[in-house]
Structures are given as structure tokens and as C-alpha cells.
Trainee: 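To start, I am sharing the structure in question, which I have written as C-alpha cells.
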Number of protein chains: 2
Amino acid sequence: MRNVSALHLLVRKLEKHVALEEKDRRLILDLPHVIQPFRTFDYIIREGETPGACPVLISGFAFRQKLVESGGRQIISIQIPGDALDLQQLFLDYADHNVQALTDASIAMVPRLALRELAMQRPRIAHAFAVNNQVDASITREWLLNVGRRDARTRIAHLLCEVAVRLERQELVGDYGYELPMSQEQIGDATGLTSVHVNRMLRELENDGLITRNSRTIRFPNWPVLKQVADFNPLYLHVGQQSAVSIPA
Amino acid sequence: MRNVSALHLLVRKLEKHVALEEKDRRLILDLPHVIQPFRTFDYIIREGETPGACPVLISGFAFRQKLVESGGRQIISIQIPGDALDLQQLFLDYADHNVQALTDASIAMVPRLALRELAMQRPRIAHAFAVNNQVDASITREWLLNVGRRDARTRIAHLLCEVAVRLERQELVGDYGYELPMSQEQIGDATGLTSVHVNRMLRELENDGLITRNSRTIRFPNWPVLKQVADFNPLYLHVGQQSAVSIPA
DNA sequence: CGCCTATTTGATAGCCGTCAACCGGAGTGG
DNA sequence: CCACTCCGGTTGACGGCTATCAAATAGGCG
């Protein structure tokens with residue numbers, strides 16, 4: 001067996017949705033790439049620019065983001081290790097949103113051309129990319145529902161549930177909780193709220209016994225009820241089977 | 001020249017982004033399909049179902065929609081003639097949202113298999129589909145920004161601007177306005193507001209001379225200022241060149 | 001003409017934003 | 001080792017945007 005490619009998490013993610021042949025797997029793992037470190041808040045992709053490489057998150061977290069004229073920020077998605085940050089725009093001329101590092105992060109930069117050609121030559125891989133994009137689109141739709149039609153408490157709970165399930169699917173969390181590296185202001189930007197109100201709602205969720213917090217580590221003592229309070233139905237993530245986070249036994 | 005295929009609007013839309021060879025154009029136009037009529041509010045795709053055919057909107061309007069547990073509805077997008085209603089999910093097992101007719105509509109149902117095979121065999125077409133999906137995803141991201149970070153007045157103005165530009169790009173409107181077949185309640189569902197507040201904001205926009213209304217026909221006497229008030233920057237639509245709607249001269 | 005739905009308008013309430021102050025932990029430098 | 005600083009979290013008071021409730025008006029269609 002060769003060295004483990006930095007891209008193995010990407011393959012793992014793609015294979016959650018589409019079965020790949022060994023050859024396709026190999027072709028992805030062997031894609032040319034350079035590992036580049038990013039610091040918290042570094043821009044990975046800027047709106048308006050044409051990236052020459054598609055970044056794939058190896059370790060650390062990132063987020064997509066758009067700004068309004070008056071300065072308000074909306075976080076569009078949270079990205080976790082294994083996520084491709086630009087497959088969505090592989091075929092567009094310029095980026096329509098920003099991508100920033102949420103934490104210090106290690107990112108594999110894969111030349112766009114190599115990816116596009118791989119997609120052209122290997123229908124199965126193109127298929128996997130398409131599904132990946134479609135799942136991302138589904139998540140964005142759920143966020144729109146979240147921000148448009150749920151109250152503050154529910155919105156925040158929903159966000160916590162989503163990240164938990166996605167991390168677990170990538171086998172990046174233990175059974176009893178995870179570290180969510182977002183400030184309360186960032187949670188607010190993701191849910192269309194202010195940091196002050198996020199703070200109040202987190203406290204409320206904690207007082208109600210639905211979450212516990214220690215620094216930024218979140219645990220879910222009562223996942224079934226939290227899920228209900230969050231109006232969280234993971235179908236939109238298009239994962240075949242998911243287990244719950246933090247259910248003892 | 002043959003009969004004009006019902007799918008010519010789809011081809012026109014795809015070609016706004018990706019140049020197609022005559023042969024590819026032909027292959028799309030000749031896709032097998034049956035025309036099916038839908039009445040206002042009819043479901044075209046239901047969440048959870050696996051559609052056997054991809055609907056392409058020929059005439060009339062449709063909208064994507066998701067519901068929360070408590071009954072609230074969020075409209076995810078407005079679809080206009082020429083839009084494919086399921087390319088987004090061509091490769092997913094089940095629909096993650098609903099699609100409904102906004103008006104009486106005529107829809108071409110194209111077998112999913114035929115589309116998938118066409119995409120597999122003709123990379124250029126697969127490319128066009130991918131771009132189409134990516135533009136849709138970009139629009140959803142802008143809607144998330146709209147609902148999350150703009151005030152009511154701006155949100156509504158932004159929606160009006162978007163539909164106007166998209167209709168114009170498909171050459172479906174005259175220079176001086178268009179009919180938006182949405183009730184105020186539906187505008188509310190699209191913007192995360194109530195119909196009552198939509199009503200007030202529309203009146204305000206009208207009083208400020210930014211729009212005029214006659215039944216559901218909207219005109220923009222002052223497009224440049226409206227665009228500014230709406231915080232509307234059409235880059236997210238990924239259209240090469242757009243002209244303004246309703247600018248005399 | 002009458003019914004039904006959509007629009008309009010006013011009064012009131014409430015969720016969440018804004019403003020401001022304080023707290024607390026982590027890193028820094030003396 | 002301790003003060004200092006800074007950023008993020010926490011809390012309270014207050015205000016405003018938007019929701020809710022209710023009723024009247026208008027418009028479309030039999």
C-alpha cells in the first residue's frame with residue numbers, strides 16, 4: 001500500500017453516495033495537488049475571482065460567505081474535512097461567493113484542469129461530483145428554510161444537529177459530542193441572527209438540558225428531543241443510514 | 001426546418017452559458033418527452049418521491065418549496081419557462097423538496113434515463129447541465145443572503161429585480177414591466193415574511209416611485225435606483241451581459 | 001349578483017436587534 | 001509571576017421591525 005493520499009477523505013465522502021471502482025478511486029487519490037496551509041480567517045476563494053485550483057479541505061474547517069452592501073455577512077455553509085470547496089464552481093467563470101478558513105486549515109489545491117479532465121474521461125467520477133454538488137445544493141436549500149421559517153432557537157439547534165451528523169458521517173467525532181469551532185457571532189451569521197441573541201438561545205438550550213457546552217465543545221445529552229426541537233430531519237443530507245450523535249447505548 | 005421542439009427554450013437557456021454544437025442542440029431538442037398540463041398549485045415533484053421523468057417548464061411558472069414541521073412554507077426558487085425542474089436531482093434517489101405549479105403550466109416530461117445517458121455520452125451536454133445546476137445553486141445562495149441579512153423592503157425589491165432580469169434574459173418580457181404571477185402571500189413565503197408585511201412594503205416601494213403595480217403587472221419606473229435599493233447585483237446569475245428592465249432609452 | 005379569494009389597513013404584541021457594560025480566559029510582555 | 005490587553009462570551013435595558021389579529025375592501029368568476 002502506498003502513502004495515504006491527502007485526498008482520501010474526499011474519496012470517502014464521495015463514496016458515501018456513489019460506489020467507485022478501484023481505478024476511479026486511484027485516479028482521484030493520484031490527482032496532482034499541493035498542500036497549502038491557511039490561517040483562521042484567510043480567504044481561500046474570493047468572490048469575483050477565477051480560482052486556478054480547486055481546494056479540498058484536508059484538516060480544519062472553512063465556511064462559505066456572502067456580504068450585503070451594508071456590511072452584513074451571511075454564512076452559506078460550513079465545510080468540514082473531506083469537503084471540496086470549489087467543485088460547485090468548477091465550470092463557472094468566477095466565484096459568486098467567498099470561502100474562508102474557519103480555523104487553521106490544511107488544504108489540498110487540485111488544478112481545475114485536472115479535475116475537469118478527469119470528470120470528462122471518467123463518467124463515474126463525473127457522476128460522483130454531480131451528486132456531491134447536488135447534496136451541497138440540498139443543504140443550501142435547507143439552510144434557506146432554516147433562516148426563512150424557523151425561530152431563533154430552532155435555527156441554532158438545527159445548525160448544531162447538521163454539523164454533528166455530517167461530522168459523524170465523516171467519522172470525525174466521538175460518540176459524546178464535538179468541538180464546533182465557531183464563535184457565537186459566526187453562528188449568528190449562519191442563522192441570520194446577532195451574536196447576542198445566539199448567546200441567549202444557547203443558554204436556553206443548555207438550561208433545557210438539550211445541550212451542554214464546555215468552551216466550544218458541544219454535547220447532546222438528549223439527542224432525540226434536540227432533534228425534535230430543531231425540526232431536524234436528515235433526509236436532506238442524502239445519507240443512507242445515519243446514527244445519532246451522543247446517544248449512550 | 002422541423003417543427004419547433006417544446007424544448008427549444010431549454011436549449012436557449014443552456015446556451016446562455018455554454019456554447020453547444022448543432023449536433024448537441026439537436027440531441028436535446030429530440031429528447032423523448034410528453035407534454036403534460038398542470039393546474040395552479042398542482043404538485044410537479046413531491047419531497048421524498050423519485051420522479052421517473054425530469055420536468056421542463058414550457059409555459060407558465062413554477063416554484064420550489066419546503067415546509068417546516070409547524071407548517072411554515074419557504075419558497076426556494078421561482079422557475080420560469082425554459083427551466084429544468086429536476087436536473088438538480090437527476091442523480092439523487094429522492095427529491096428533497098417540493099415543486100409546484102405557480103400558474104397553469106405546460107410541462108415537458110423527459111425520461112430521467114434518457115437525460116442521464118445523454119449526459120454520459122455527450123460531455124458538452126453534461127457540461128451544460130452542470131453549469132445550469134451551478135447557476136441554480138448560486139441563486140439559492142443569494143436567496144439565503146437575501147432572507148438572512150436584508151430587511152423586508154430590500155428583500156422584496158431584490159426578488160422583483162431577480163425575476164425581471166431572468167425573464168428578460170429568456171426574452172419573455174417587454175421593455176416596460178412584466179406580470180409576476182405571485183400572490184403577496186407567496187412573495188412572503190419566498191422572502192421569509194408575512195403577506196401583511198409584504199403588502200405594506202410593496203405600497204412603500206410604490207409610494208417611493210420605485211415600482212408601479214396594476215393587478216400583478218409590475219413596472220419599474222426607476223430601475224437604477226430600484227436596483228440600488230434592492231442591493232441587487234446580478235453577477236450571481238452568471239449572465240454575461242444583462243440589460244436593464246424597463247429603462248426607457 | 002353573490003361567493004370566494006386576495007388585498008388593504010389599523011391596532012397590538014412579541015421576537016430579536018441594538019446599545020452598553022461587565023466578565024473571563026488566553027496570550028503577551030515586563 | 002503578574003499586570004495588561006484583547007477577543008469572545010454574558011447580561012440587562014430598551015427599541016424597532018415584523019408578526020399577529022381582526023376587519024373592511026376589492027377583484028375575479030360562477
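Numbered from 1 within each chain, the chains take letters A, B, ... in sequence-line order.
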Trainee: I'd like to know if A:K66 pairs up with A:D96 as an ion pair, taking the criterion as any Lys NZ or Arg NE/NH1/NH2 lying under 4.0 Å from an Asp or Glu carboxylate oxygen.
Mentor: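 No, no charged N to carboxylate O under 4.0 Å.
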Trainee: Taking salt bridge (Lys or Arg N to Asp or Glu O under 4.0 Å) as the definition, give me every residue that meets it alongside B:E204, ordered by chain and number, with sequence neighbours left out.
Mentor: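 Result, salt bridge (Lys or Arg N to Asp or Glu O under 4.0 Å) vs B:E204: B:R153.
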Trainee: For every nucleotide of nucleotides 7-23 of chain D, 5' to 3': is a protein heavy atom under 4.0 Å from its base (B), only from its sugar-phosphate (S), or from neither (-)?
Mentor: -SSBBBB----BBBB--
Trainee: How about A:Y94 and B:H238: are their ring centres within less than 6.0 Å of each other?
Mentor: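 A:Y94 vs B:H238: aromatic centres under 6.0 Å.
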Trainee: Side chain to side chain contact (heavy atoms under 4.5 Å, CB included) for B:R216 and B:L180? Distances and angles first, verdict last.
Mentor: CA-CA 6 Å; B:R216 285 178 180 176; B:L180 179 69; 5.5 Å; no
Trainee: If we only count heavy atoms from C-beta on, is the A:I78 to A:I75 side-chain gap below 4.5 Å?
Mentor: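 Side chain of A:I78 against side chain of A:I75, heavy atoms only: contact under 4.5 Å found.
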Trainee: Taking only Lys NZ, Arg NE, NH1 and NH2, and the carboxylate oxygens of Asp or Glu, determine whether A:E69 and B:R149 approach each other closer than 4.0 Å.
Mentor: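 Answer for the salt bridge query: no.
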Trainee: Testing B:E142, B:E162, B:R141 one by one against B:Y236 for a side-chain hydrogen bond (donor to acceptor under 3.5 Å, both in side chains), which residue passes?
Mentor: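 Output: one option passes, namely B:E162.
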Trainee: Restricting to pairs with a member in residues 41-62 of chain A, which pass side chain to side chain donor-acceptor pair (under 3.5 Å), not counting sequence neighbours?
Mentor: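 Applying side chain to side chain donor-acceptor pair (under 3.5 Å) to every pair that reaches into residues 41-62 of chain A, excluding sequence neighbours, yields nothing.
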Trainee: With distance as the sole criterion, is a donor-acceptor pair present between the side chains of A:N214 and A:T217 under 3.5 Å?
Mentor: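 No pair is found: no donor N or O on one side chain lies under 3.5 Å from an acceptor on the other.
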Trainee: With a 4.5 Å heavy-atom cut-off, do B:T191 and B:W143 have their side chains touching?
Mentor: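 The answer is no, as the side chains (C-beta and beyond) never meet within the 4.5 Å cut-off.
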Trainee: Going 5' to 3' along DNA chain C, which nucleotides are the first and last within contact of chain A (any atom under 4.0 Å from a heavy atom)?
Mentor: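 Using the under 4.0 Å cut-off, the span is C:dC16 to C:dC19.
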Trainee: For residues B:V56 and B:G82, report the shortest heavy-atom separation together with the two atoms involved.
Mentor: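 In this case the closest contact between B:V56 and B:G82 is CG1-O, 4.4 Å.
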Trainee: Would you call the rings of A:H158 and A:F232 parallel, tilted or perpendicular, taking 30° and 60° as the class edges?
Mentor: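 A:H158 and A:F232: perpendicular rings.
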Trainee: With the sugar-phosphate defined as primed atoms, P, OP1 and OP2, and the base as all remaining atoms, what B/S/- string results for nucleotides 24-30 of chain D, 5' to 3', for protein heavy atoms under 4.0 Å?
Mentor: -------
Trainee: Compute the bend angle of the helix from C:dC1-D:dG30 to C:dG30-D:dC1 from the end axes (five pairs per end), rounded to 10°.
Mentor: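 The helix from C:dC1-D:dG30 to C:dG30-D:dC1 shows an end-to-end axis angle of 40°.
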